Amino acid sequence: MDKHYDPGRIEAAVQRRWEDTAVFRATEDPGREKFYCLSMFPYPSGKLHMGHVRNYTIGDVITRYQRMQGRNVLQPMGWDAFGLPAENAAMDNGVPPSTWTRENIAYMKQQLKSLGFALDWERELATCDPDYYKWNQWLFLRMLEKGIAYKTTQVVNWDPVDQTVLANEQVIDGRGWRTGAPVEKREIPGYYLGITRYAEELLADLDNLPGWPERVRTMQANWIGKSFGVRFAFPCEIDGREEKLWVFTTRADTIMGVTFCAVAAEHPLAERAARDNPELAAFVEECKQGTVMEADLATLEKKGMPTGIFVTHPLSGEQIEVWVANYVLMAYGEGAVMAVPAHDERDFAFAKDQGLAIKQVIAIPGKDFSTDAWRDWYADKESGVCVHSGKYDGLTYDEATDAIAADLEALGLGEKQVQWRLRDWGVSRQRYWGCPIPIIHCQACGDVPVPDEQLPVVLPDDCVPDGSGNPLNKREDFVNVDCPRCGQPARRETDTMDTFVDSSWYFARYCCPDNNDVMVDERVDYWMPVDQYIGGIEHAILHLLYSRFWTKVMRDEGLLKCGEPFQRLLTQGMVLNEIFYRHPQGGRISYYNPADVEIKTDAKGQRSGVLLKEDGEPVQSGGIGTMSKSKNNGVDPQSLIERYGADTARFFMMFASHPEQTLEWSDTGVEGAYRFLKRLWAFCVDNENIIKNYHTANMGQGLAWKDAPDLIKKLRHEIHTLLSQANFDFDKYQFNTVASACMKMLNVLERNPETIKGVSVTPADYGWKLLEESLSLLLRVLSTISPHISDTLWQELGYGEDILAAPWPEPDATALVRDEIELVVQVNGKLRGKVTVPADAAKEEIESEALANENVGRFVSGREIKKIIVVPKRLVNIVVA
RNA sequence: GCCGGAGUGGCGGAAUUGGUAGACGCGCCAGACUCAAAAUCUGGUUCAGGCAACUGAGUGUGGGUUCAAGUCCCUCCUCCGGCACCA
């Protein structure tokens with residue numbers, strides 16, 4: 001054995017062996033229980049970042065754990081290869097996105113390999129491969145046939161200078177990122193997928209996902225947003241014709257309090273009214289400025305204008321004026337709302353602003369409408385009753401809603417309805433680097449689907465975008481085709497699909513990536529669903545919801561047997577690092593990488609100053625933030641691996657915090673992880689002969705643990721307790737405490753050298769036996785986190801050929817039992833002493849022991865004991881007057 | 001604005017799920033080794049008081065429930081993630 005721990009050498013050797021023997025290749029085996037462990041595939045942006053390292057380490061730890069539990073494990077990897085950054089890089093460097101993407105994939109793949117992940121690389125896929133995206137197109141056509149996919153108009157961000165559609169990300173403060181021109185909303189045609197058809201099932205099935213974090217399920221449920229209410233109409237007369245203004249409300253019980261109606265700027269009524277009202281037309285235009293981002297819309301100052309159009313209240317017959325308001329969203333419900341300022345926050349603010357009437361129609365016993373905040377009234381559906389509402393007076397929320405819905409229905413003006421917040425999924429993108437939408441536009445035949453036998457529609461991979469729209473429009477060889485129906489010249493659709501389509505089913509394709517005849521084959525039934533999915537919390541809604549939807553579509557198409565793609569979900573937290581900057585007066589702010597900064601501390605270890613290494617002058621701390629290019633606070637995993645090795649990187653990542661929590665970067669923390677692995681190596685070198693001899697000569701074979709000396713029993717108890725805790729934590733995916741359990745085990749062994757070397761025990765073999773067993777437990781637990789060092793030591797010390805084949809260690813129940821336990825004694829809930837009692841001591845015995853404690857006596861004497869609470873195996877609490 | 005989450009020593013984080021707050025690690029202090037430094041090892045380290053035994057305070061804020069609250073309930077504050085064309 002090498003005297004020194006040399007991660008570079010041992011990691012390369014171990015990785016080579018794994019590769020040579022193809023140990024991580026997964027094969028279907030119906031006789032064995034499978035475990036499909038999947039981490040979200042990376043976007044090939046150039047090189048791995050710490051978030052990737054964290055994500056894939058978590059996945060790898062779980063994979064290796066399941067493998068040692070005896071499961072047939074699949075852990076694949078691929079590339080989410082289409083997307084905007086490749087187009088940006090193309091603009092910057094003049095290189096086609098395909099070239100840039102392929103180069104990045106090659107580099108990042110080599111990085112992933114150097115981290116020692118137990119991946120089956122034979123199943124690798126990239127979403128920009130025609131073999132992959134062919135099936136996006138194929139399933140899209142199936143959806144088109146079923147009417148799940150359809151064409152309508154969509155509202156997009158439009159840059160009037162570049163004459164191009166902008167992604168939300170490309171809109172900075174309401175302006176185009178390259179031109180600086182104010183962004184406009186524009187309506188263009190596009191394809192949608194009818195995810196709302198599955199809304200009910202997507203919501204209901206959340207209850208069948210106990211392996212998902214509660215918060216993700218809640219977020220999805222809120223996103224889907226099922227609400228019960230009434231859809232009804234205000235009749236009106238427009239240009240001499242009878243029309244109806246439809247609205248939806250969840251508070252039909254307040255219908256008698258309506259004092260105005262509000263519609264979105266895009267609503268037909270608004271556009272009609274704007275026709276002969278220049279002022280209103282200007283306002284409608286103003287509303288169309290800005291972005292389509294909901295976060296921006298929601299924080300806009302509430303503005304509105306009257307249309308001059310009046311509608312008739314369906315129940316009271318009152319004339320109600322219609323307003324255009326910027327807070328009404330065309331995309332939700334009917335794009336129009338009834339306004340009840342007395343009982344709705346936004347309506348109230350708007351009415352106050354515009355001087356509109358506020359009419360109370362709900363009363364809550366014990367509350368005064370004129371003084372209590374309106375807010376409480378709206379939130380409280382339970383205790384209110386109708387007032388000033390004619391025949392509905394005195395009815396509760398439920399009674400009033402039923403009565404009003406019935407009356408509206410009788411008039412043919414409304415009915416109860418379920419409303420969803422979820423909108424259909426717009427998948428058309430006016431961008432080059434994506435999967436072509438398989439449609440051909442023919443003057444005679446209209447929009448014609450590309451026939452299956454012509455799939456895939458291959459994306460030309462040599463375009464270089466220049467920022468002025470989709471370069472596919474200029475590719476005559478791509479655009480000009482014959483209509484598949486009539487044979488006449490036609491134009492190919494140049495929009496590509498949202499990249500979320502690519503990532504909505506890749507997990508199924510991993511099961512059979514080599515089959516080019518079908519989307520998925522029978523192997524998918526063995527592996528799917530994914531048993532454990534791991535990825536960033538930022539994907540909690542969109543990606544996960546789209547994947548669930550796509551899975552259900554595939555199921556209904558007969559391609560999958562399961563309706564949910566991911567059994568268990570782990571959402572990992574972000575990787576953070578401190579931000580350092582200087583902001584010279586009148587100058588530009590500049591950020592400094594933490595690696596270039598030196599932190600001064602005082603005698604207590606508290607920070608006293610932060611200096612830039614280069615010039616020794618102070619820099620400011622901007623707090624902690626996610627690692628990003630813009631804040632220059634990223635740490636390159638590559639340098640970390642080169643300096644300390646993958647095992648250290650992995651260990652630190654797991655040790656620094658719970659997978660679901662944010663992880664704060666720390667150079668010294670990495671040093672600590674490295675120190676631990678070095679210590680472990682040195683410890684094994686030091687005891688190499690004992691363990692080897694033990695294995696070759698079977699020295700402890702005849703010894704039984706039950707006859708061991710007390711000292712051995714005590715240490716063994718400690719080791720097995722730690723193992724038991726590690727196992728418990730493993731189930732909770734709390735790998736930080738698993739890592740610390742490994743450290744604690746080594747601490748126990750290191751602090752008792754006499755015992756494990758057999759110096760202080762007779763027979764000495766008991767010490768060796770304890771050492772051999774403890775290390776075998778430690779190495780196996782550690783092998784999930786830092787596999788290279790564990791594997792190497794396992795082999796070197798003669799435990800076996802391959803730690804991967806070793807079973808997961810379980811604690812020995814007899815080692816966990818103790819004869820005596822220490823109990824905490826409290827007086828009035830405050831810790832006053834400790835007593836040691838037999839494990840099976842009776843309550844009376846424990847009480848008298850506790851009272852006999854000297855320090856306890858000081859707090860009890862002279863006072864009346866009201867009661868004594870004994871919590872078995874924990875504590876005694878003496879309550880005194 | 002809406003939805004979701006998090007606040008514990010100088011720092012990252014533990015706390016058997018209502019039962020010893022601060023495990024483990026980092027940093028810092030002292031010591032050993034060394035001509036010296038690095039590395040390594042040993043001891044100490046929540047704050048305040050005390051030579052010590054020990055005592056008091058303490059888990060973002062303010063209140064409540066309980067024999068007992070970091071953990072449960074209510075109020076407020078701060079920070080983070082998502083908001084449908086970033087992935």
Side-chain angles (χ1 to χ4, degrees), chain A residues 40 42-43 45 80 82-85 154 156-157 165-171 213-216 218-219 221-223 225 292-300 327 331 346 422-423 425-431 498-500 503 536-543 545-546 571 573-574 576 599 601-607 623-626 652 655-658 660-673 675-676 678-679 682 724-725 728 734 736-737 739-744 747 822-826 828-831 834 855 858 866-869 871 873-875 877-879:
Chain A
M40 291 180 185
Y43 178 78
S45 54
D80 190 11
F82 276 136
L84 210 45
Q154 51 177 347
V156 294
N157 300 309
V165 175
L166 297 175
N168 279 340
E169 193 192 45
Q170 298 171 321
V171 179
E214 184 68 44
R215 61 171 160 161
V216 175
T218 308
M219 279 193 258
N222 289 335
W223 184 264
V292 299
M293 287 168 75
E294 200 175 307
D296 286 348
L297 296 174
T299 49
L300 284 179
Y327 67 85
R346 281 179 317 186
L422 183 68
R423 309 199 291 257
W425 175 13
V427 291
S428 292
R429 298 291 179 269
Q430 297 66 44
R431 263 177 268 295
D498 181 1
T499 56
F500 272 123
S503 55
I537 181 67
E538 67 275 16
H539 296 286
I541 295 173
L542 294 180
H543 162 61
L545 193 63
Y546 291 146
T571 49
M574 304 248 175
L576 313 178
I599 293 166
T601 55
D602 64 15
K604 278 189 163 181
Q606 293 195 41
R607 177 181 293 191
I624 307 289
T626 56
F652 170 72
F655 178 67
S657 75
H658 189 283
E660 302 204 289
Q661 240 91 71
T662 55
L663 182 149
E664 228 173 278
W665 187 256
S666 158
D667 287 329
T668 52
V670 176
E671 289 277 358
R675 210 171 292 162
F676 165 66
K678 277 196 292 189
R679 251 174 60 207
S724 147
Q725 275 165 8
F728 183 74
Q734 191 163 313
N736 51 335
T737 48
S740 95
C742 292
M743 290 173 142
K744 288 175 183 179
N747 287 347
E822 190 180 60
L823 292 183
V824 162
V825 186
Q826 299 179 333
N828 283 354
K830 284 200 182 282
L831 175 68
K834 291 173 186 178
N855 201 45
R858 284 170 46 204
K866 294 174 92 174
K867 63 174 154 176
I868 299 179
I869 291 146
V871 182
K873 292 179 178 156
R874 293 243 177 280
L875 56 70
N877 189 12
I878 302 162
V879 185

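By convention in this document, chain letters (A, B, ...) are assigned in the order of the sequence lines, proteins followed by strands, and residues within each chain are numbered from 1. On a predicted model such as this, the values are computed, not experimentally measured, just so you know.
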Which nucleotide in [options] has an atom nearest any side-chain atom of [X]:
X	options	result
A/Glu538	B/U20, B/G25, B/A87	B/A87
A/Val879	B/C67, B/G4, B/A87	B/C67
A/Arg874	B/G19, B/C3, B/A84	B/G19
A/Ala295	B/C86, B/G5, B/C83	B/C83
A/Pro85	B/C54, B/A14, B/A87	B/A87
A/Thr668	B/G27, B/G4, B/G1	B/G27
A/Thr737	B/A23, B/A21, B/G25	B/A23
A/Met293	B/A84, B/G19, B/A23	B/A84
A/Asp80	B/C24, B/C67, B/A87	B/A87
A/Lys678	B/C24, B/A39, B/U16	B/A39

Between [M] and [N], how far apart are the [atom1] atoms? Round to whole Å, please.
N	M	atom1	value
B/A21	B/A37	C1'	40 Å
B/G12	B/A23	P	15 Å
B/G10	B/U59	P	13 Å
B/U17	B/C72	C1'	12 Å
B/U55	B/U34	P	44 Å
B/C74	B/G5	P	13 Å
B/G9	B/C47	P	12 Å
B/U20	B/A69	C1'	14 Å

(request) Let me know, please, whether A/Lys834 or A/Ser428 comes out on the 5' side of the other along RNA chain B by nearest nucleotide. (result)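 This one resolves to A/Lys834.
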(request) On RNA chain B, check which nucleotide each of A/Arg607 and A/Gln826 is closest to and give me the residue with the more 5' one. (result)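 Residue closer to the 5' terminus by nearest nucleotide: A/Arg607.
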With a 4.0 Å cut-off on heavy atoms, is [X] in touch with a base, just the backbone sugar-phosphate, or nothing at all?
X	answer
A/His539	base
A/Val824	base
A/Gln430	base
A/Val165	base
A/Leu84	sugar-phosphate
A/Tyr43	sugar-phosphate
A/Glu671	nothing
A/Val156	base
A/Ala656	sugar-phosphate
A/Gln734	sugar-phosphate
A/Glu664	sugar-phosphate
A/Thr299	base
A/Lys830	sugar-phosphate
A/Trp665	nothing

(message) Taking syn as a glycosidic torsion within 90° of 0 and anything else as anti, which one is B/U17?
(response)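 This nucleotide is in syn.
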(request) Could you check if the base of B/G9 is syn or anti? Syn means the glycosidic torsion is within 90 degrees of 0. (result)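 Because its glycosidic torsion lies within 90° of 0, B/G9 adopts the syn conformation.
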Phosphate contact ([N] OP1 or OP2) by [X] side-chain N/O below 4.0 Å:
X	N	answer
A/Ser740	B/A23	no
A/Asn747	B/G25	yes
A/Asn736	B/A14	yes
A/Asn168	B/C83	no

Distance in angstrom units between [X] [atom1] and [N] [atom2], rounded:
X	N	atom1	atom2	answer
A/Leu545	B/C83	CG	P	13 Å
A/Trp223	B/C2	CH2	P	16 Å
A/Lys867	B/A68	NZ	C1'	10 Å
A/Leu831	B/A69	CG	P	14 Å
A/Asn828	B/U66	CG	C1'	13 Å
A/Arg429	B/C86	CZ	P	8 Å
A/Ile541	B/G81	CD1	C1'	10 Å

Euclidean distance, [Y] [atom2] relative to [X] [atom1], rounded to 0.5 Å:
X	Y	atom1	atom2	answer
A/Ile537	A/Glu660	CD1	CD	7.5 Å
A/Thr737	A/His658	OG1	NE2	7.5 Å
A/Thr662	A/Ile624	OG1	CD1	9.5 Å
A/Gln661	A/Gln734	CD	CD	9.0 Å

(message) Whether the side chain of A/Asn877 and the base of B/C67 hold a donor-acceptor pair under 3.5 Å is what I'd like checked.
(response)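 Pair found.
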(message) Taking atom types as they are modelled, would you say the side chain of A/Arg675 forms a donor-acceptor pair with the base of B/U40 within the 3.5 Å cutoff?
(response)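 Side chain to base: no pair below 3.5 Å.
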Is the shortest side-chain heavy-atom distance between [X] and [Y] below 4.5 Å?
X	Y	result
A/Leu875	A/Leu823	no
A/Trp665	A/Val670	yes
A/Tyr546	A/Ser503	no

(message) Going by side-chain contact (heavy atoms from CB on, under 4.5 Å), A/Asn168 matches just one of A/Val156, A/Asn157, A/Asp296. Which one?
(response)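 Answer to the side-chain contact (heavy atoms from CB on, under 4.5 Å) test with A/Asn168 among A/Val156, A/Asn157, A/Asp296: A/Asn157.
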(request) Report the residue from A/Ile878, A/Asn877, A/Asn855 that forms a side-chain contact (heavy atoms from CB on, under 4.5 Å) with A/Val825. (result)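 Only one option passes, and that is A/Ile878.
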(message) Could you report the tightest heavy-atom contact between A/Tyr43 and A/Phe82, atom names first, then the distance?
(response)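 Closest heavy-atom pair between A/Tyr43 and A/Phe82: CE1-O, 3.4 Å.
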